[in-house]
Amino acid sequence: MTQRGPAEFTPPPECPVFEPSWEEFADPFAFINKIRPIAEKTGICKVRPPPDWQPPFACDVDRLHFTPRIQRLNELEAQTRVKLNFLDQIAKFWELQGCTLKIPHVEQKILDLYQLNKLVAEEGGFDLVCRERRWTKIAMTMGFAPGKAVGSHLRAHYERVLYPYHLFQSGTNLLVSLTYKHIRSIYHTLSIKLSAVMQKFWVRSPVTVDLYVCLVCGKGNDEDRLLLCDGCDDSYHTFCLIPPLSDVPRGDWRCPKCLAQECSKPQEAFGFEQACRDYSLKSFGEMADSFKSDYFNMPVHMVPTELVEKEFWRLVGTVEEDVTVEYGADIASKEFGSGFPIKGGKFKVAPHDEKYLRCGWNLNNMAMMTPSVLTHVTADICGMTLPWLYVGMCFSSFCWHIEDHWSYSINYLHWGEPKTWYGAPGFAAEQLEAVMNKLAPELFESQPDLLHQLVTIMNPNTLMAHGVPIYRTNQCAGEFVITFPRSYHSGFNQGFNFAEAVNFCTVDWMPLGRQCVDHYRLLHRYCVFSHDEMVCNMAMKADSLDVVLASAVQKDMQLMNKDERELRDKVCKMGVVRCELFEYNLLADDERQCVKCRTTCYLSALTCPCRPGVQVCLHHAHDLCSCPVSNYTLNYRFTLDDLYPMMNAVRQRAESYDEWASRVTEFMEAKLDKKRNVTVFRVLLEESDEKSFPENDLLRQLRLVTQDAEKCSSVAQQLLNGKRYRTGGGNSPNQLTVEEMRSFVRQLYNLPCCLTQAPLLKELLNSIEDFQQHSEKLLSDEVNADSVSEIESLLEEGSQFDVCLPELPLLRERLEQARWLAGVQQAENLVSNPCGLSLDSMRRLIDRGVGLTPHPSTERTMARLQELLTISEELEEKAQALLKARWGPPESLETLSSMLTQVDGVPAYLPNCLLLQDTVNRAKEWLQEAEDLQVEYSTLYELCSLYAFYKAHAIPVRLEPLDQLEVLVSEVQAWKESAAKTFLIKNSHFTLLEVLCPRWEVGSSLKKMRKMKGECMSSGKKKLVKLDSMSDVERALSDSKDSASAVRLKELESLCALRAANESKLLPTADCASLKVCVCQKPPMGAMLQCELCRDAFHSVCVRRPSDPLDPEAWLCPLCLRSTKPSLAKIQTLLASLQRIRVRLPEGDALRYMIECTVSWQRRAREVIDSYDHSLTSQDCRGASPTQSHRTTGHKRKVRHYITDCYSEVEELMVEGLLLQVSVPETQQLYRLLLSGPPTTDTSHTEHPPYLTPKHSSPQREKAKRRMNREEAEIRDRGMKPKSKKQRMGTEKRRERKAASVSASDVSQSEDSEEDMTQCPAENCLQPEGEEVYWVQCDCCNRWFHMICVGVSAELAAEEDYMCNQSPTLSSSIPSPGCVTDPPRSLTYDL
């Protein structure tokens, strides 16, 4: 931190600015008197003339030549000048000591030696500061940062530069022990001794004697350290001086005695030097503009006034920068002409500008106008009665001063850049003088009348900091600035400009003028004119004086005569006996000044013959000379007897006015109980008109009071009538405010007169104030919803007053607030609003509340509602997001429950939160049901119901059992799909449950197949069971009301009846044309197939033929073949997988029952097969031995009968096994047993099947049958399977080999065989697809055909040779695409 610099300048407040109308501007003294009560409070004011008032500039620019003053800005400021004077003294001191002063630097700033010296002196001096170590404190006071050893630097600089000067000022360095005479005696003694020694030892050796000895120690040794004074030739050792010098000075050196003589010389009074150059107005303007533009580095018109102002005060307060400007001040207008046009002047005035010649604002006219008392001053006073001209440049200034004789001044800026003014009111003049004297006492010690020299300025901020009121203004071209009596003012110019100023005095100045003369006497300052002479001149013209002025002159003469009589009596008592009449008015002012106080003498003076031409005023009678008082002569202008008649003449002139003025003053100052009616004031006005009293302040005040009283009376009556309005800026009338009415009532009671309407208005005002108090009390309370009625009553009461009550809009606002709070309270009331506060209600209330005037109660409620709305909206958004759960997984129940805990404390109606609550409740209910289902096995219906409940209610909750449920349902679905693939045939119209369950009616399958055939063919795909559709499950459950055994028995009974009916219609006696068989319900024709279950006949082209003709199997028609009949192992695997799922399904129950039935049937079938095989074996064994044939004849009959019974049982078991939807080997074994027929001992007793007759037998059939029997016998003997001749099996064996590696769900899937890509040579190949495709080989061409394409069954292909129709041996009469043979168990009809 470095030493603090001057603070930035803060502009003082602005002074008043007046803009008079043309009417007000017409009389300058009347206007000034009008604004005086306001303007004199600030000391200065600015007046802007009407815009059209533009006087011509009449100064002779070519003749105007002047020599400006030189102003060094840092010498203008009082404190800065004190510092500069101190530095000059220090520099002079060291210069006389033969050294050059170099001001040291501390912290890169020039050290303020004046402040350092002052602070050390205030702290007790150098020794005390060093002893108590106060250098750090001094450094901090000077603005240096602590902790940087600045104190030690300050001590070193003080000891080196200032301490010697301090010792010099205190006289310590003078030789106190050796006086001047003692020194001369030493020299005299030395000279005598020197002569004696010379005479005595002249013949002997010469003796060396010192020519120069130190006047301190008296020795002449150490000549190299002996200094010789350049002023008096005295010599001193450098080490004998106080303080001692370390080195011999290089320049001229003065001894302490000569140094004291040089420094004790008084300084010359500070003043401005005159420039060496004479300027014309043009050349000065060029210089001024060049200076300003160069200084600010911008065009002069672009420099802001604020910048110039701050820079001026910065330059004034700095010591380092030295800026010099010039100021053309106090140029006599009498010599070069005024800026205003004057009569008889050289400036030719245009006809339209002649009005400015007589205008009162023309400064040449203002000082000598009748209202100005300066008209009675006989001499022309330049600058006071004659205007002065001022030509300024940037930074040129006029210092703090008051006008001569404390008079008014007026300044007009003709043209140029602004002039900045600072002023202090007259009552603060002594305060300003005291502050400046306190801050710069050194200047006032040498110049007591320093402020009258106009050479000293002080920063307004400094004065304001000491309590002096300061005001400012910027005077622009064409504006007046008026200063009031004893108002200090100063300022500076913003740039090149031309101004003109003059003084004037009004009647109110008269007492101040006499005080000023007394003040000048104390300061020994000369007077510009004689105040007593001016008063006597006015008294001698008493008859022509204005009565107001006569009254003021009469009062002033009373004081003057009293003082003069006392002074003359005092002189007479002193012994002055000689008196002489002397006309001092004939002498010039400088020839009749008091030699002591420089006051201009007029009434009397003392003279002495010893000092001709010198006189003193009677106040300084003892200061004339040393002669006896009897030698003094009293010179007088008037005797006391002459003065009293003059005063009486003035009194007579002012007596009638004084009597009238005293009555006016008495009535104007009367108290409440002594006030007169307004009619008395009208009488006084009429009297003033009758006696032609001149216009003055008292008359104007009386007229103004009377006018105000009449206006107030009229307004008061209108207010009482309720018809008084104050017209605003527009056309609509505005009611008076309460403050205006209160002010008006106060004005009524403050009027010097009394009005009858005042008490009535006071009573009305009291009622209004009571209303206001009640309203303020209500408005100060908190807003309450219960205060609606009270506010409404107050509003009704306030509307009756015909005044503008500020409480009414506030009460209306409070009413709106109370109603709003009531609405909020009603909305939150659960009795009137059971559902609670909804979001829409909150938004409406908030929208209404936004328009209300802010109040803590409403703001709190609004904040609470806003917070509640924000929380509610957030909760609603969260709840809505949780309810929708579209873009992510649903939340857990704990999250929703925790969210609902937040909702519990919210007093609002939240529909989404309520839905969320309902969702949580449903989720909990669902979880409870899921938990109940986990206790035991669940049915699919229950699972689907639970899942359907979740889906139907759209529970957006992440439920842990739901995943298990979905997995379980998906497993069930997978199981059902797997079961369906295992059991159902492709494009089957049966459902899985229908396949697994026994049938109620066997014969209804044809109708159902026909009905569903179109749907199956159109879809082309197998219908899958969906878990979300519970129709099949429900139907299956509804169909399982009876026991499964009863249903199975009914199925068997229905089947037996159907078999009997079908066998009966196929008897040879039946009419083949009317017979309808097959799925096509057409008569039999061609090769026919017979179903082993229903015994119905089918066309070989309408149905699918046996897959393997060589491996005889029981062929079932499409109506009886309802499933693929999987193996028992696959079914058991399905059941095991279902048991692992732990879900109860109707299909599972049906499957379990099917397995039980299958196992039971399989056991019975094995028993029958075993018994049947045993009987056949016994018969064969016995038949093999011919020797025993005669023994076994009876036994054969028994065995045959037993076998016949077994055959029928086998047939029943086979039918029952064919009804089973399971593929078991026992079924094939039973079928083979049935194909082989019952065993016979004689071929003649061979029995035909019931559906065949011998008539229909053919040799081929018998041949095939015999071959089949032989092969089967051979197979039984070998225990091997018959080998196919020409049939290629599909993929049965491969599928069986791969069954172990295929899952249960893939059991029904088919695998591609290598022969699937083989082309069938049939003309119309049907291109069969499926799990097994059977082929047959032609015995002639060895080509392979699809069995279904050539109409050959597996049995036919196994028993007979096959020849295609393309073989050469084939008869052309065969209609079928292949060789038609008579297959086993097939029917052939000739149509």
Would you check if there is a donor-acceptor pair between the side chains of Gln1221 and Ser1123 at a distance under 3.5 Å?
yes
Can you find a heavy atom in the side chain of Leu761 that is under 4.5 Å from one in the side chain of Met741?
yes
CD/Glu971 to OG/Ser978 distance, rounded to the nearest 0.5 angstrom?
12.5 Å
Just checking, is any N or O donor in the side chain of Gln817 or Thr858 under 3.5 Å from an acceptor N or O on the other one?
no
Specify the closest pair of heavy atoms between Thr1124 and Ile985, including all atoms of both residues, with the distance to one decimal.
N-CG1, 3.8 Å
On a heavy-atom basis, the closest approach of Lys976 and Leu992 is O-CD2, 4.0 Å
If you measure from CD1 on Ile470 to SG on Cys15, what distance do you get to the nearest 0.5 Å?
12.0 Å
Looking at CZ of Arg1122 and OG1 of Thr991, how far apart are the two atoms once the value is rounded to the nearest 0.5 Å?
9.5 Å
Closer than 3.5 angstrom, by distance alone: can the side chain of Asp918 be matched with the main-chain N or O of Leu914 as a donor-acceptor pair?
no
Let me confirm one number: the CG-CH2 distance from Leu852 to Trp820, rounded to the nearest 0.5 Å.
6.5 Å
For Ala1150 versus Leu996, what's the shortest heavy-atom pair and its separation?
CB-CB, 3.7 Å
Residue that, paired with Leu810, satisfies side chain to side chain contact (heavy atoms under 4.5 Å, CB included) out of Leu779, Leu778, Thr853, Leu815
Leu779
Scan side-chain atoms only and decide if Arg844 and Ser841 contain a donor-acceptor pair under the 3.5 Å cut-off.
yes
Min side-chain heavy-atom separation Leu1138-Leu1151 under 4.5 Å:
no
Please report the interatomic distance CD1(Ile846) to CG(Leu869), rounded to the nearest 0.5 Å.
4.5 Å
Nearest-0.5 Å distance, CG of residue Leu984 to NE2 of residue His989:
11.0 Å
For a quick test of reading the model, state the closest non-hydrogen atom pair linking Pro907 to Leu868 and the distance between them.
CD-CD1, 3.8 Å
Using a distance-only test with no angle check, is there a side-chain donor-acceptor pair under 3.5 angstrom linking His855 and Arg860?
no
Flag the pair Ser872 / Met842 as yes when at least one side-chain heavy-atom distance between them is below 4.5 Å, and no otherwise.
yes
Any side-chain heavy atom of Leu805 sitting closer than 4.5 Å to one from Leu808?
yes
Is there a donor-acceptor contact under 3.5 Å linking the side chains of Gln825 and Asn829?
no
Could you tell me if the side chain of Asp781 sits less than 4.5 Å from the side chain of Lys777, heavy atoms only?
yes
